Number of protein chains: 2
Amino acid sequence: MFTDFLSVRWRKSANGCLLNDMSHTPGVRQAQKQQTRQALLDAGLRLLEHQNLSSLGLREVTRAVGVSPAAFYRHFPDMAGLGVALVGESLGSLHAVIRAVMAETTDSAGIIDRTVAITAEYVARHRPHIRFIARERYGGVQAVREAIAAELQGFADEVAAGLATQPASKGWSPGELRVLAELYVDHMVMTAAAFLDVAPDDTAGLEHLAHAARLRMRIISIGRAHWLDPQP
Amino acid sequence: MFTDFLSVRWRKSANGCLLNDMSHTPGVRQAQKQQTRQALLDAGLRLLEHQNLSSLGLREVTRAVGVSPAAFYRHFPDMAGLGVALVGESLGSLHAVIRAVMAETTDSAGIIDRTVAITAEYVARHRPHIRFIARERYGGVQAVREAIAAELQGFADEVAAGLATQPASKGWSPGELRVLAELYVDHMVMTAAAFLDVAPDDTAGLEHLAHAARLRMRIISIGRAHWLDPQP
DNA sequence: CGTTTCGGATGACAGTTGTTCACTGACTTC
DNA sequence: GAAGTCAGTGAACAACTGTCATCCGAAACG
């Protein structure tokens with residue numbers, strides 16, 4: 001009954017875009033499949049707010065979704081598989097954000113304020129995702145660790161490319177620029193993780209953390225500006 | 001039989017130091033207890049190299065030690081209890097190291113080199129402990145997370161106190177100094193975690209990481225030196 | 001010496017887990 | 001409209017988990 005209702009809903013939208021991207025196996029079947037796949041991901045993420053991926057049970061997830069344990073295998077080979085999928089979901093949308101921030105041409109103080117503000121907002125909007133990333137970055141599941149590391153390296157690549165175009169990078173070798181980019185990325189992760197430790201509605205605590213984050217970025221920024229000065 | 005052999009061995013050493021420190025309940029009994037307690041900690045740490053604390057089973061640990069599952073409760077109320085004990089064991093000895101490094105009076109470049117070298121050596125010598133800290137810092141067990149956070153805050157306190165005595169800190173407010181100290185501590189943790197990702201015998205990789213760590217510290221150090229410069 | 005203390009062993013308890021299997025029935029394709 | 005695909009089911013499997021009441025025997029104590 002319920003499934004029927006959903007299938008009709010999905011058939012309509014499938015009719016709307018019949019011959020768009022995927023040629024064969026189009027329509028209701030795949031839509032329903034991706035729907036329960038997404039339900040598994042959502043339930044997993046929710047359960048992971050208070051435990052580690054390595055202690056999250058397969059049955060626990062399927063029970064939360066309301067499907068049989070065996071159904072899990074139609075979507076992921078492992079719990080590690082669900083983990084890597086969650087990494088993509090958590091960090092995938094950040095590439096565009098980073099590119100946008102790096103493309104802005106403002107003064108140093110302005111870009112620091114904006115970076116911290118965007119980080120705070122992103123954490124506020126995707127709390128469980130960020131918590132998952134922080135928790136599993138050095139967690140017990142190798143595949144997930146590697147997926148996160150690859151994603152963060154991608155971020156560092158983009159930041160390094162952005163830094164290279166700035167006039168303030170004159171005199172920096174590519175290797176040094178890469179280290180600076182990684183420092184910025186690690187600082188962003190560190191700040192995001194710190195935001196997780198205060199309640200989402202504790203505006204005073206959040207502002208305190210944001211202030212500290214801006215201060216740290218300013219120190220790094222000043223160090224970058226005086227990098228070529230004669231050393232004492 | 002095996003227990004008998006051990007008890008005789010311990011009786012001898014207990015006779016050697018009969019009336020030393022603890023007045024009552026002295027000797028063999030406590031020594032044996034602390035011995036298996038340590039065995040539990042060691043086995044736990046070894047098993048935690050490839051998994052998370054929240055997925056580590058009580059029976060798994062006792063099996064590795066060779067004692068019955070019920071014996072675990074004589075030493076820890078929980079697996080979380082074993083976790084907090086491991087935090088103390090991992091980070092306790094670092095306070096002295098940090099104090100020693102902060103007390104040294106060398107030039108900025110020298111202190112950076114030494115800090116990175118000491119970090120690398122400490123990681124090399126206590127690999128499983130550091131891995132445990134990195135893994136559980138944002139892990140799924142609240143008590144352990146809090147224990148780690150408390151220990152790291154203690155480090156930041158000591159670094160802040162050390163920075164306050166340096167002439168380079170003129171013009172810094174206590175709050176700003178505290179942020180700087182936390183930045184140094186976080187950077188140390190970040191560097192230590194990075195060391196874990198390369199093989200212990202990969203000297204080239206280790207030197208590459210150490211080089212990057214020195215570079216990052218130099219950026220921060222320069223930023224600190226020019227903190228009071230008029231901003232452009 | 002006898003008595004008490006207590007670290008550890010034993011065995012059982014009720015749950016839970018991951019994985020596999022044949023299967024059903026709605027969607028897809030010809 | 002018949003044939004095929006395939007997401008999801010239900011049951012069963014062996015293995016495992018944390019916790020408990022109970023007992024044992026060596027160390028500690030008077």
Side-chain angles (χ1 to χ4, degrees), chain A residues 1-15 18-19 22-40 44 47 51 53-82 141, chain B residues 1-15 18-19 22-40 44 47 51 53-82 141:
Chain A
M1 45 170 93
F2 216 35
T3 319
D4 270 5
F5 166 69
L6 287 175
S7 68
V8 170
R9 252 170 57 87
W10 277 106
R11 183 194 288 283
K12 265 168 59 175
S13 71
N15 284 349
L18 200 78
L19 298 167
M22 297 287 185
S23 59
H24 58 302
T25 40
V28 184
R29 208 69 173 274
Q30 269 208 350
Q32 281 180 336
K33 177 169 183 178
Q34 281 193 358
Q35 181 175 281
T36 73
R37 187 190 133 101
Q38 190 57 46
L40 287 170
L47 293 167
Q51 64 187 299
L53 179 63
S54 52
S55 75
L56 177 60
L58 179 152
R59 296 182 102 106
E60 208 173 341
V61 179
T62 59
R63 197 185 309 130
V65 173
V67 298
S68 84
F72 183 91
Y73 294 102
R74 303 283 181 196
H75 303 274
F76 308 102
D78 269 328
M79 280 297 299
L82 186 139
V141 185
Chain B
M1 43 169 98
F2 217 33
T3 320
D4 271 4
F5 166 69
L6 286 174
S7 67
V8 171
R9 252 170 56 87
W10 278 106
R11 182 195 286 282
K12 266 168 58 176
S13 71
N15 283 349
L18 200 79
L19 298 167
M22 296 287 185
S23 59
H24 59 302
T25 40
V28 185
R29 210 65 175 276
Q30 270 209 349
Q32 281 180 335
K33 177 169 183 177
Q34 282 194 357
Q35 181 175 280
T36 73
R37 186 191 134 102
Q38 190 58 45
L40 287 170
L47 293 167
Q51 63 187 301
L53 179 63
S54 53
S55 75
L56 177 60
L58 179 153
R59 297 180 102 106
E60 208 174 342
V61 179
T62 59
R63 195 185 310 130
V65 173
V67 298
S68 81
F72 183 90
Y73 294 103
R74 305 280 183 196
H75 303 274
F76 308 100
D78 267 330
M79 281 295 301
L82 185 140
V141 186

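Order of the sequence lines fixes the chain letters, A, B, ..., with proteins taken first and strands second; residue numbering starts at 1 for each chain. Just so you know, these numbers use all the heavy atoms, side chains as well, and skip hydrogens, waters and symmetry mates. Computed from a predicted structure; not experimentally measured.
As rounded to whole Å, 15 Å separates atom C1' of C:dT17 from atom CD of B:Gln51. Here the C1' atom of nucleotide C:dA26 and the CD atom of A:Gln32 are 8 Å apart, to the nearest Å. To the nearest angstrom, C1' of D:dG8 lies 11 Å from NZ of A:Lys33. Note: CD (B:Gln30) to C1' (C:dC6) measures 12 Å, nearest angstrom. With rounding to whole Å, A:Phe76 atom CZ is found 11 Å from D:dG8 atom P. The distance from atom CD of B:Gln34 to atom P of C:dC6 is 15 Å, rounded to the nearest whole Å.
Every stem involving DNA chain C, taken as at least 3 paired positions in a row under the Watson-Crick or G-U wobble test at 3.5 Å, is listed here: C:1-12 with D:19-30, C:14-17 with D:14-17, C:19-30 with D:1-12.
Residue B:Leu47 comes nearest to B:Ala64 through the heavy atom pair CD1-CB, 4.3 Å, listed as atom of the first residue, atom of the second, then distance. Taking both residues in full, the closest heavy atoms of A:Val141 and A:Ala80 are given as CG1-CB, 3.7 Å, listed atom of the first, atom of the second, then distance.
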- Item | Per-nucleotide protein contact string for nucleotides 9-20 of chain D, where B marks a base within reach and S marks sugar-phosphate only (heavy atoms under 4.0 Å, - for neither) | BB-B----SBBB
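Under the side-chain contact (heavy atoms from CB on, under 4.5 Å) criterion, B:Ala70 pairs with B:Ser68, not counting sequence neighbours. Scanning for side-chain contact (heavy atoms from CB on, under 4.5 Å) contacts around A:Arg74 gives an empty result, with sequence neighbours left out. Legend: residues meeting side chain to side chain donor-acceptor pair (under 3.5 Å) with B:Ser55, ordered by chain and number and at least two apart, are B:Gln51.
The phosphate of C:dG8 has OP1 or OP2 within less than 4.0 Å of a side-chain N or O from B:Thr36.
With rounding to the nearest 0.5 Å, the separation of CE in B:Met79 from CG in B:Leu82 is 5.0 Å.
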- Task: Kindly indicate, with the supporting measurements, whether the criterion side chain to side chain contact (heavy atoms under 4.5 Å, CB included) is fulfilled by B:Leu56 and B:Val61.
- Result: CA-CA 8 Å; B:Leu56 177 60; B:Val61 179; 3.8 Å; yes
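Contacts classified as ring-ring contact (aromatic ring centres under 6.0 Å, His included) and involving residues 55-75 of chain A (residues at least two apart or in different chains) are given here: A:Phe72-A:Phe76.
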Could you list, one pair per line, each protein nitrogen or oxygen that sits under 3.5 Å from a nitrogen or oxygen of nucleotides 1-5 of chain D, together with the distance?
from: D:dT5; atom 1: O2; to: A:Arg29; atom 2: NH1; distance (Å): 3.3
from: D:dT5; atom 1: O2; to: A:Arg29; atom 2: NH2; distance (Å): 3.0

